[in-house]
Every structure is written in C-alpha cells, then in structure tokens.
There are 2 protein chains.
Amino acid sequence: MLYLNKNDIYDLITYDEIMDAIEEAFKIHGSKNYDMPNRIHVSYRNNTLLYMPCFLQDIFGTKLLTLFPENRKKNRPVIDGLMLLNDYETGEPIGMMDGKILTALRTGAVGGVGIRHFTPETAKTVGLVGAGVQGFYQLLFACKARKIDKIMVFDIFTEKLAAFVKELEVLLPNVSIVIANTIEDLLKESQIVITTTTSYKPVLPEKPELLKGKSFIGIGSYKPNMREYPDILFSLLDKVYIDTEFAKEESGDLKIPLSNNLLQEDKIETVGSFLTNKKEIINKTIFYKSVGMALFDVVVAKLIYDEAKKNNVGQKIIL
Amino acid sequence: MLYLNKNDIYDLITYDEIMDAIEEAFKIHGSKNYDMPNRIHVSYRNNTLLYMPCFLQDIFGTKLLTLFPENRKKNRPVIDGLMLLNDYETGEPIGMMDGKILTALRTGAVGGVGIRHFTPETAKTVGLVGAGVQGFYQLLFACKARKIDKIMVFDIFTEKLAAFVKELEVLLPNVSIVIANTIEDLLKESQIVITTTTSYKPVLPEKPELLKGKSFIGIGSYKPNMREYPDILFSLLDKVYIDTEFAKEESGDLKIPLSNNLLQEDKIETVGSFLTNKKEIINKTIFYKSVGMALFDVVVAKLIYDEAKKNNVGQKIIL
C-alpha cells in the first residue's frame with residue numbers, strides 16, 4: 001500500500017489540476033456513475049468521527065476524519081484523519097493519504113470552482129470571513145481562479161489574524177492582504193465574499209446595499225441550524241448554486257430560508273446541471289453553497305494516487 | 001504513525017496473551033468503561049464494508065473491513081482491511097495494523113476463551129465444521145486452551161480440505177488431524193464442536209444422542225437469518241454463554257430459538273457476568289455463541305501497539 005503525505009501531495013498535483021478534478025467530480029455527480037452512501041457521524045463527548053465512503057467505477061475509498069474542537073486550544077488541527085483507497089475488485093487497501101490536507105485542498109478547490117464559474121472574470125477583490133485552515137485554502141484557490149490583487153480578512157477572534165495574514169503573504173506575494181476592522185468595511189471593498197465560519201447565526205449584516213451584485217461563496221454552515229447569510233440576501237439573489245441536493249437539508253443557509261419562503265426552489269441549481277448547460281453570469285448576485293461530499297475526496301485522491309504510482313512517489317507500506 | 005503487519009504482530013504477542021486480552025475485554029465489557037457505537041454496514045453489490053469504532057478510557061480506534069465473497073474464487077481472503085488506532089485526546093492517527101490477521105487472531109482467541117471456561121479441562125478432541133480462515137485460527141487457539149490430541153474437520157466444500165489439514169499439521173505436529181466423511185462421524189468423536197460456516201440452515205443434525213454433554217462453540221452465524229445449530233440442541237442445553245447481549249438480536253442461532261420458545265432467556269448469561277462469578281462446569285451441554293464486537297479489536301490492537309512501541313517494532317509512516 002502506498003502512503004502519501006502533505007509533501008508528496010504537493011509534489012504531485014497543482015491547484016489548477018485539483019479544480020479540474022473537482023469539475024470532473026461534478027460531472028460524475030451529474031452522470032450518476034457513482035455510489036455514495038450517506039456519510040456516517042459518530043459523536044463522542046464533544047468530538048465527532050466521520051466516515052465518508054464513495055464508490056467510483058474503478059476504485060472506491062473512505063475518508064476517515066476526526067473533528068476535535070478542543071484541538072484549537074492545543075494548537076493542533078481540529079480536523080485530522082486519513083483517506084483510504086481500495087481496489088475495486090478485491091477490496092484490498094491500495095493507497096492512503098493525509099486526510100486533513102486532502103480535505104483542505106479539495107474544499108479550497110470546490111470554492112475555487114465556484115469562483116471560476118460564478119464570479120465576473122474581471123473580479124480583483126476577495127473578502128474572507130473566518131480565518132481558519134479552510135479559509136486559508138479558499139483564498140489560495142481564489143487567487144488561482146481569478147487575478148486577485150486585494151484580499152480583506154475578518155474574524156471575530158482577532159489574536160491569530162496577524163499570523164494568518166503573514167503566512168498568506170508568503171504564498172501570495174503580489175496580493176495586498178488587509179485585516180478588515182468590520183464586516184461592513186470588508187463588504188464595501190470585496191467583489192467576491194467567502195465565508196468559512198462555524199456560526200449559528202448570520203455573520204453578514206442585513207444591509208442590501210453592501211450585498212447586491214456580489215458573488216458569495218458559502219463554505220461554513222454544514223448543519224441545519226448553522227447560518228452565515230442574512231435573510232435579506234435571499235431577496236437580492238439572482239441564482240443559487242449548490243454542490244449536492246443534500247445541501248438543502250444539511251445547511252441552515254439553505255434549509256432555513258427555504259422553509260421561511262425567503263428562497264424559492266426554482267432559483268436553485270446544482271453545479272453539475274450548470275456545467276452541462278453553461279450560461280453567462282454578469283454582475284448578478286450569486287450564492288454558491290457547498291457542504292462537500294465524499295465523491296470529491298475519492299476523485300481527487302484517485303488522481304493523486306495515479307500520479308504517485310506513475311512518478312514513483314510516496315512511502316510503500318509493507319502490508 | 002506506526003504500521004504493524006502480520007509478521008510484526010506474530011513477533012509481538014502469543015496466543016495465550018491474546019486470550020488474556022480477550023478476557024480483559026470481557027471484563028471491560030462487564031464494567032461498562034468503554035463506548036462502542038453500533039458497527040456500521042455499507043453494502044455495495046455483493047460486497048460489504050464494515051466500520052467498527054470503539055472508545056476505551058485512553059485510546060480509541062476503528063476496524064475497517066471489506067467482505068468480498070467473490071474473493072474466494074480468486075484465491076484471495078474474503079475479509080481484508082485495517083485497524084486504525086487514534087490518540088484519545090487529539091484524535092490523531094497513531095497506529096495501524098493488518099485488519100485481517102487481527103480479526104482472525106481475536107476471533108480465534110474469543111473461541112479459545114470459550115474453550116478455556118466452558119469445556120472440561122480433560123477435553124482432548126475437537127471437531128470443526130467449516131474449514132476456512134476463521135476455522136483455522138479457532139483450532140490453533142483450541143489447542144492452546146486444552147491438551148488436544150485429535151481434531152476432526154468437516155466441510156461441504158471438500159476440494160480445499162487436504163490443503164487445510166496439511167497447513168494445520170505444520171503448526172500442530174503432535175495432533176492427529178482427520179477429515180470426517182460425515183458430520184455424524186465428527187460428532188461421535190469430538191468433545192468440543194466448533195462451527196465457523198456461513199450457513200442459513202443448521203449444519204448439525206437433529207440427533208440428541210450425538211449432541212448431549214458436549215461443548216459447542218458457535219462462531220459462524222452473524223445475521224438474524226443465519227443458523228448453524230439444530231432445534232433439538234436447545235432442549236439439551238444446560239447453559240448458553242454469549243459475548244454480548246446484542247448477539248441475541250444479531251445471530252439466528254439465538255434469535256430464532258428464542259422467538260420459537262425453544263430457548264429461554266434465563267438459560268443465557270454473558271461471558272462478562274460469568275467471569276466475575278465463576279461456577280464449575282462438568283459434563284454439561286454448553287453452547288457458547290460469539291458474534292464479535294469492536295471492543296475485542298481495540299483491546300487486542302492496543303496491546304499489540306503498546307508492545308510494538310516498547311520493542312521498537314513496525315514500520316514508521318511519515319504522516
């Protein structure tokens with residue numbers, strides 16, 4: 001069995017290739033040539049284990065994650081884990097890789113694909129609300145998808161913001177990165193707005209003049225009672241794009257406005273459907289909401305694994 | 001993270017130590033100082049994925065198995081997989097080992113613990129019905145638990161029996177190993193009877209004179225419609241010992257006789273309860289039924305992992 005760590009993965013694949021793989025995953029999602037059981041949650045104390053299996057036509061795999069919120073205080077990643085790949089015919093374990101870097105990269109790439117398709121080609125400014133690991137990767141992918149020259153960052157936890165910006169500046173030397181004092185300041189100067197918080201109430205204000213005409217990338221809310229977006233946004237939206245139909249059940253940013261009739265079903269389209277029938281999107285108010293799915297993980301992991309085999313990269317585990 | 005393969009595991013632990021660890025697991029089971037979510041089954045075509053998590057007081061883990069019945073035809077193991085161990089405080093993956101050898105060893109040891117406690121100390125003869133991997137390990141542990149001098153083996157698939165016996169003879173040079181032509185022949189000459197088939201109807205005959213006074217170790221039936229034992233046995237039994245209460249739901253060898261009133265609840269006791277309050281068992285007719293549980297896996301895996309750390313054994317995976 002081959003093991004691939006963070007360095008191996010970075011040697012094998014570019015950000016653009018990961019976004020291409022995510023688009024491929026969206027097409028597989030549209031074609032229905034896959035089998036994805038419901039992801040499995042196991043709760044223990046304040047912690048969660050996630051088992052995310054998915055079968056493609058020639059390989060299958062499971063992402064195994066641990067979510068330990070207390071790790072934040074210990075300066076350890078909250079999300080940890082492994083991605084396992086298995087032989088389609090025999091079930092034998094054939095590959096394994098760092099699940100936390102795979103999660104960060106594929107989630108960043110899912111946001112990046114949204115930016116590729118649902119923001120103006122000329123967009124130059126991004127605002128990020130929620131300066132954690134997921135937000136960090138969202139920005140790296142955003143800067144691959146568009147020629148960004150300014151980033152504004154906001155987080156209610158201010159103590160780690162300086163380090164966050166500093167780390168980002170190393171990787172994005174040509175981008176001006178600014179800490180926003182208020183969300184209003186951030187909204188005023190950002191054409192694209194990305195949210196990656198774990199909030200249970202909207203983090204953006206009920207101010208239509210600051211929301212209209214922008215592209216919103218919602219990553220944070222992954223439970224029916226978690227919300228990042230305010231009621232007023234839904235009256236301004238021209239279109240809502242979602243990664244899976246399941247997002248309407250799983251995310252409070254869709255479920256709550258749908259049940260309150262602030263959002264109508266006919267405004268919502270899956271990315272898979274959009275990609276097979278593209279329309280031009282200019283100066284519209286768009287909300288792109290992702291909750292993620294195991295299909296993304298196994299498609300990206302297979303690409304990385306295939307490249308590793310081809311290039312003889314990785315650590316061989318003697319099973 | 002440390003990876004331990006079959007050879008590492010054999011270097012680190014003896015059969016007797018594994019049986020001791022299983023007794024320890026039964027005691028933890030009795031004390032309730034653990035948390036074991038229901039095992040998770042995912043079905044795909046004819047195949048099954050199993051996720052078996054369990055939390056102890058200082059470590060947790062998940063056994064990940066694939067059950068691919070068609071592998072038999074390909075001369076590959078039907079059961080494959082990995083055992084993952086995680087740090088209790090942070091969730092970080094710390095150890096991993098061969099899941100098929102762990103399963104075979106712990107299941108063999110669970111049978112062995114049954115033989116330690118529920119068969120006469122003077123028992124010298126064992127009959128095995130079902131000559132697969134599980135049966136193989138059951139016999140190795142049986143010969144550790146009692147001074148066995150004769151083994152009889154029966155399987156309806158006769159073509160692999162000679163190889164099975166030959167392989168066993170290498171490991172048990174002082175035991176006479178005979179292929180039984182019929183189950184009746186096997187029963188006549190066996191004080192202990194172990195069944196490890198995947199049968200949906202009883203494999204032993206409705207003949208009380210061949211069943212009375214013996215110790216039966218039931219390993220095979222792990223679904224509510226799978227059975228190895230005949231109706232008549234339940235009228236002969238003095239006592240039934242089970243590994244978990246859940247076995248009464250999961251195994252047709254308990255569920256069906258219970259629902260037909262052939263077996264009464266007051267005859268049934270868990271091994272955990274028995275071990276805290278031992279009684280002598282002489283010449284009784286006993287049925288010991290195991291369906292297995294993740295607690296066995298994590299307790300045995302922790303012991304192996306701790307020994308590996310102490311002795312610097314295993315392959316270090318650079319996460």
Side-chain angles (χ1 to χ4, degrees), chain A residues 1-8 35-45 47-55 60-62 64-71 74-82 84 86-94 96-101 314-319, chain B residues 1-8 35-45 47-55 60-62 64-71 74-82 84 86-94 96-101 314-319:
Chain A
M1 184 172 71
L2 202 57
Y3 184 79
L4 302 166
N5 65 21
K6 182 174 176 175
N7 292 337
D8 298 329
D35 192 85
M36 184 167 61
N38 288 336
R39 68 175 93 179
I40 301 139
H41 293 249
V42 168
S43 293
Y44 183 66
R45 299 182 170 194
N47 305 318
T48 304
L49 311 189
L50 271 182
Y51 303 93
M52 297 171 66
C54 185
F55 297 82
F60 70 94
T62 305
L64 310 154
L65 293 186
T66 51
L67 283 77
F68 277 51
E70 301 290 308
N71 280 3
K74 299 171 190 163
N75 231 355
R76 287 197 51 86
V78 170
I79 296 179
D80 205 339
L82 297 164
L84 175 64
N86 301 73
D87 183 272
Y88 190 79
E89 296 299 333
T90 66
E92 186 192 4
I94 54 173
M96 191 171 262
M97 63 190 71
D98 184 331
K100 58 184 179 298
I101 187 72
Q315 184 182 359
K316 284 184 186 65
I317 300 175
I318 315 301
L319 287 183
Chain B
M1 183 172 72
L2 202 57
Y3 184 78
L4 302 166
N5 66 19
K6 182 174 175 175
N7 292 337
D8 298 328
D35 192 85
M36 184 166 59
N38 288 336
R39 66 174 94 179
I40 301 139
H41 293 249
V42 169
S43 293
Y44 183 67
R45 299 183 171 192
N47 305 318
T48 304
L49 311 190
L50 272 182
Y51 304 94
M52 298 169 67
C54 185
F55 297 82
F60 70 93
T62 306
L64 309 153
L65 292 186
T66 51
L67 283 76
F68 277 51
E70 300 290 308
N71 280 4
K74 299 170 190 164
N75 231 355
R76 287 197 51 86
V78 170
I79 296 178
D80 206 338
L82 298 164
L84 175 64
N86 301 74
D87 184 272
Y88 189 79
E89 295 299 333
T90 66
E92 186 192 4
I94 54 173
M96 190 172 265
M97 63 191 71
D98 183 332
K100 56 183 180 299
I101 188 72
Q315 184 182 358
K316 284 185 185 64
I317 300 175
I318 316 301
L319 287 184

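This structure is a prediction, so every number in the text was calculated from the model and none was measured. Order of the sequence lines sets the chain letters (A, B, ...), proteins ahead of strands, with each chain counted from 1. Below, each value reflects all heavy atoms present in this structure, side chains not excepted, and no hydrogens, waters or symmetry copies.
- Residue contact with chain B, scored on non-hydrogen atoms closer than 4.5 Å, involves the backbone and the side chain of I317(A) alike.
- In terms of heavy-atom pairs under 4.5 Å with chain A, the best-connected choice from N71(B), L319(B), V42(B), D80(B) is L319(B).
- Taking K74(A), M97(A), K100(A) one by one and counting their heavy-atom pairs under 4.5 Å with chain B, the maximum is reached by K74(A).
- Closest heavy-atom contact between I318(A) and Q315(B): N-OE1, 3.0 Å.
- At a 4.5 Å heavy-atom cutoff, the contact between M1(B) and chain A is made by side-chain atoms alone.
- Highest contact tally toward chain B, considering only N86(A), L64(A), T90(A), V78(A), is held by T90(A) [criterion: heavy-atom pairs under 4.5 Å].
- L2(B) places a side-chain heavy atom less than 4.5 Å from the side chain of K316(B).
- Both the backbone and the side chain of E89(B) come within contact range of chain A, judged by heavy atoms closer than 4.5 Å.
- Considering only heavy-atom pairs separated by less than 4.5 Å from chain B, the leading option among N47(A), L49(A), D98(A) is L49(A).
- When heavy atoms are compared at a cutoff of 4.5 Å, L84(A) approaches chain B solely by way of its side chain, counted from C-beta outward.
- For the atom pair CG of D35(B) and CZ of F55(B), the computed distance is 6.5 Å after rounding to the nearest 0.5 Å.
- Among N38(B), I101(B), L65(B), N5(B), the residue making the largest number of heavy-atom pairs under 4.5 Å with chain A is N5(B).
- Counting heavy atoms from C-beta on, the side chains of T66(A) and F60(B) come closer than 4.5 Å.
- P53(A) is not listed as a side-chain neighbour of Y44(B), based on a closest heavy-atom distance of 4.5 Å or more.
- Heavy atoms closer than 4.5 Å to chain A are found nowhere in D8(B), neither backbone nor side chain.
- In this structure, the portion of L82(B) lying under 4.5 Å from any heavy atom of chain A is its side chain and not its backbone.
- The greatest number of non-hydrogen atom pairs below 4.5 Å with chain A, out of S43(B), P77(B), P93(B), is found for P93(B).
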